[in-house]
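Data first, discussion second: the structure below is written as structure tokens.
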Amino acid sequence: MAGPKKEIDPTWTQTLIRGIRNGETAALAQAITLVESTRPQHLEMANTIVEENLKNAGKSIRIGITGVPGVGKSTFIEVFGKLLTSKGKKVAVLAVDPSSTVSRGSILGDKTRMQELVKDAHAFIRPSPTGNSLGGVAKKTRETMVLCEAAGYNVILVETVGVGQSETAVHGMVDFFLLLKLAGAGDELQGIKRGIVEMADAVVISKADGDNQKRAKMAQQEFKRALHLYPPKSNGWVPKVLTCSALNGEGMDQIWDMIGGYLDTAVASDHFHQKRKEQNKYWLLNHLDELIKDHFHHNNEVSKALQRFLETVGNGKISPFKAAQKLMQLYHKSLKI
Ligand code: GDP
């Protein structure tokens, strides 16, 4: 379906919008490719498609899943995703990690991951968009989420590798944030990044099977105690600590029930909608930052001057502050022309 001719066909945008509304995965996948494209002619089409689909978006549960590489995220998502599709849900799996900062193969692009879910007609898996800036990738993931929702996916799982800053970005785009952790040999607390634990609505100790089962239970108790040391969440939710084994399919139902419990409470207290409203504001500011940065860096004159200043700042001939000030003056001047 995709091809250079179609890319400049003005009716193509409408075809994709209709296709998404009808839940066609080919149209969805192509629209996402447009969203991820850096070509200016695609940007306008992508913006129209996202804008048109916004009114059909939002009717989903957005769940962030984080954890260090090897903790079992893809195995978990595969089994959890299958459970959800068996319950009649339509599940989309997205990833937020700029490819430059994550070792290749550990992200969703690897075809060997989630082999069962890939084959599931009620699941849609999209690898992480490529890009260097987290802000840009996060924006693309948010827009992809909108398109998936408009296509009828009612559970969106957003994965991140839990080693960078992307958790904050994911936390800012989901309703529920789940941290997967391994039971360590007595060092459970040392491995935790405080910021990430603070964001988590639930901590799930993975691989609770075989010899590891006992350790997982111990880690669960320790985490429960540790979580009391964190400040309470503004919505009154006390983060839960569960265990699971994706290998044996154990603990998955409890995790889904827990998320359901959270949603019931959050919707009843209106915190759910308040949070989404706040996230929309955050998206606006975030997107604005990206647009301003783009505009600045795409200015030819400014960009050339920046290269020169990078040299002179490197040589110590001018201070970084003075250079930045001069660049801004140049930028402002160019805006007036
Ligand atoms: P990711 O890097 O976080 O996505 O982790 P993977 O899902 O790729 O899993 C890393 C390794 O842990 C793989 O060898 C999996 O087979 C194994 N693994 C994943 N889940 C479980 C589990 O529930 N139990 C056990 N014993 N091993 C698991």
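All values below come from the heavy atoms of this structure, side chains included, with hydrogens, waters and symmetry mates left out. Only a predicted model underlies this, so the values are computations on that prediction, with no experimental measurement involved.
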(message) I'd like to know whether V93 forms a side-chain contact (heavy atoms from CB on, under 4.5 Å) with F124, so could you lay out the CA-CA distance, the side-chain angles of the two residues, the decisive distance to 0.1 Å, and finally the verdict.
(response) CA-CA 6 Å; V93 183; F124 179 81; over 6 Å; no
(message) The test is side-chain contact (heavy atoms from CB on, under 4.5 Å); show your working for I156 and L94 and say whether it passes.
(response) CA-CA 7 Å; I156 314 284; L94 314 175; 3.9 Å; yes
(message) Please evaluate residues V170 and F177 with respect to the criterion side-chain contact (heavy atoms from CB on, under 4.5 Å), reporting the C-alpha separation (whole Å), side-chain torsions for both, the decisive distance (0.1 Å), and the verdict.
(response) CA-CA 8 Å; V170 173; F177 194 62; 3.9 Å; yes
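A distance of 6.0 Å separates CD1 of I20 from CD1 of I49, quoted to the nearest 0.5 Å. With rounding to the nearest 0.5 angstrom, the CD atom of Q307 is 5.5 Å from the CG atom of L310. Taking OG1 of T66 as the reference point, atom NZ of K73 lies at 7.0 Å (rounded to 0.5 Å). Atom-to-atom distance recorded for F76:CZ and S206:OG is 9.5 Å, nearest 0.5 angstrom. Here L180 contributes atom CG and L178 contributes atom CG; the two are 5.5 Å apart, rounded to the nearest 0.5 Å. One distance of note links CD of Q213 with CE of M218; it measures 13.5 Å at 0.5 Å rounding.
Residues Y282 and T168 come closest through the heavy atom pair OH-O, 4.4 Å. Closest non-hydrogen pair, L28 versus A151, comes out as CD2-CB, 4.1 Å. Here the closest non-hydrogen pair linking M252 and F80 is O-CE1, 3.8 Å. Smallest separation of non-hydrogen atoms from S60 and D175: O-OD2, 3.8 Å. Taking both residues in full, the closest heavy atoms of V35 and T144 are given as CG1-OG1, 4.4 Å, listed atom of the first, atom of the second, then distance. The heavy-atom pair separating I17 from E52 by the smallest distance is CD1-CG, 3.5 Å.
Within the 3.5 Å criterion, the main-chain N or O of G172 finds a donor-acceptor partner in the side chain of W283. K89 places no side-chain N or O within donor-acceptor distance of the main-chain N or O of H122, the cut-off being under 3.5 Å. A distance-only check finds no donor-acceptor pair linking the side chain of N315 to the backbone of K317 [under 3.5 Å]. Side-chain N or O atoms of E149 include one that pairs as donor or acceptor with a backbone N or O of G58 at under 3.5 Å. Side chain of W256 to backbone of L84: no donor-acceptor contact under 3.5 angstrom is found. Side-chain atoms of S245 come within 3.5 Å of backbone atoms of N248 as a donor-acceptor pair (strictly under, hydrogens ignored). Remark: the backbone N or O of V79 is not paired with any side-chain donor or acceptor of E116 at under 3.5 angstrom. Between the side chain of N53 and the backbone N or O of L147 there is no donor-acceptor pair closer than 3.5 Å. The backbone N or O of I196 sits nowhere less than 3.5 Å from a side-chain atom of E167 that would complete a donor-acceptor pair. A donor-acceptor pair under 3.5 Å links the side-chain atoms of N235 to the main chain of W237, judged by distance alone.
Taking a cutoff of 4.0 Å between a charged side-chain nitrogen and a carboxylate oxygen, K82 and E78 do not qualify as a salt bridge. Salt bridge status for D270 with K277: absent, with no side-chain N to carboxylate O gap under 4.0 Å. Salt bridge absent: E24 and R21 never bring a charged side-chain N and a carboxylate O closer than 4.0 Å. Salt-bridge check for E301 with K304: failed, with every basic side-chain N at 4.0 Å or more from each acidic carboxylate O. Salt-bridge formation is not detected for the pair R308/E311: no Lys NZ or Arg NE/NH1/NH2 atom is positioned less than 4.0 Å from an Asp or Glu carboxylate oxygen.
In the displayed structure, Q221 atom CD is contacted under 6.0 Å by more than 12 heavy atoms of other residues, nucleotides or ligands. Other residues, nucleotides and ligands place no more than 12 heavy atoms under 6.0 Å from the CD atom of E51. Within 6.0 Å of NZ in K233 there are more than 12 heavy atoms belonging to other residues, nucleotides or ligands.
In this structure the side chain of R62 never reaches within 4.5 angstrom of the side chain of M173, judged on heavy atoms. Side chains of V203 and K240 form no contact here, defined as non-hydrogen atoms less than 4.5 Å apart. P239 is not listed as a side-chain neighbour of D201, based on a closest heavy-atom distance of 4.5 Å or more.
A side-chain N or O of R126 and one of T33 form a donor-acceptor pair less than 3.5 Å apart. D120 and T85 share a donor-acceptor pair across their side chains, judged by distance under 3.5 Å alone. A donor and an acceptor atom, one from each side chain of Y331 and H295, are located under 3.5 Å apart.
By the rule that hydrophobic residues join a cluster once side-chain heavy atoms approach within less than 4.5 Å of another member, L54 and L16 end up as members of one cluster. One hydrophobic cluster holds both V204 and L83 under the rule that ILVMFWY side chains link at heavy-atom gaps under 4.5 Å. By the criterion of side-chain heavy atoms lying less than 4.5 angstrom apart, applied directly or through intervening Ile, Leu, Val, Met, Phe, Trp or Tyr residues, L291 is not grouped with F296; the two fall into different hydrophobic clusters. Cluster membership for L263 and L242, using ILVMFWY side-chain heavy atoms within less than 4.5 angstrom, is shared. Tracing side-chain contacts under 4.5 Å through hydrophobic residues (I, L, V, M, F, W, Y), one never reaches V197 starting from V238; they form parts of separate clusters.
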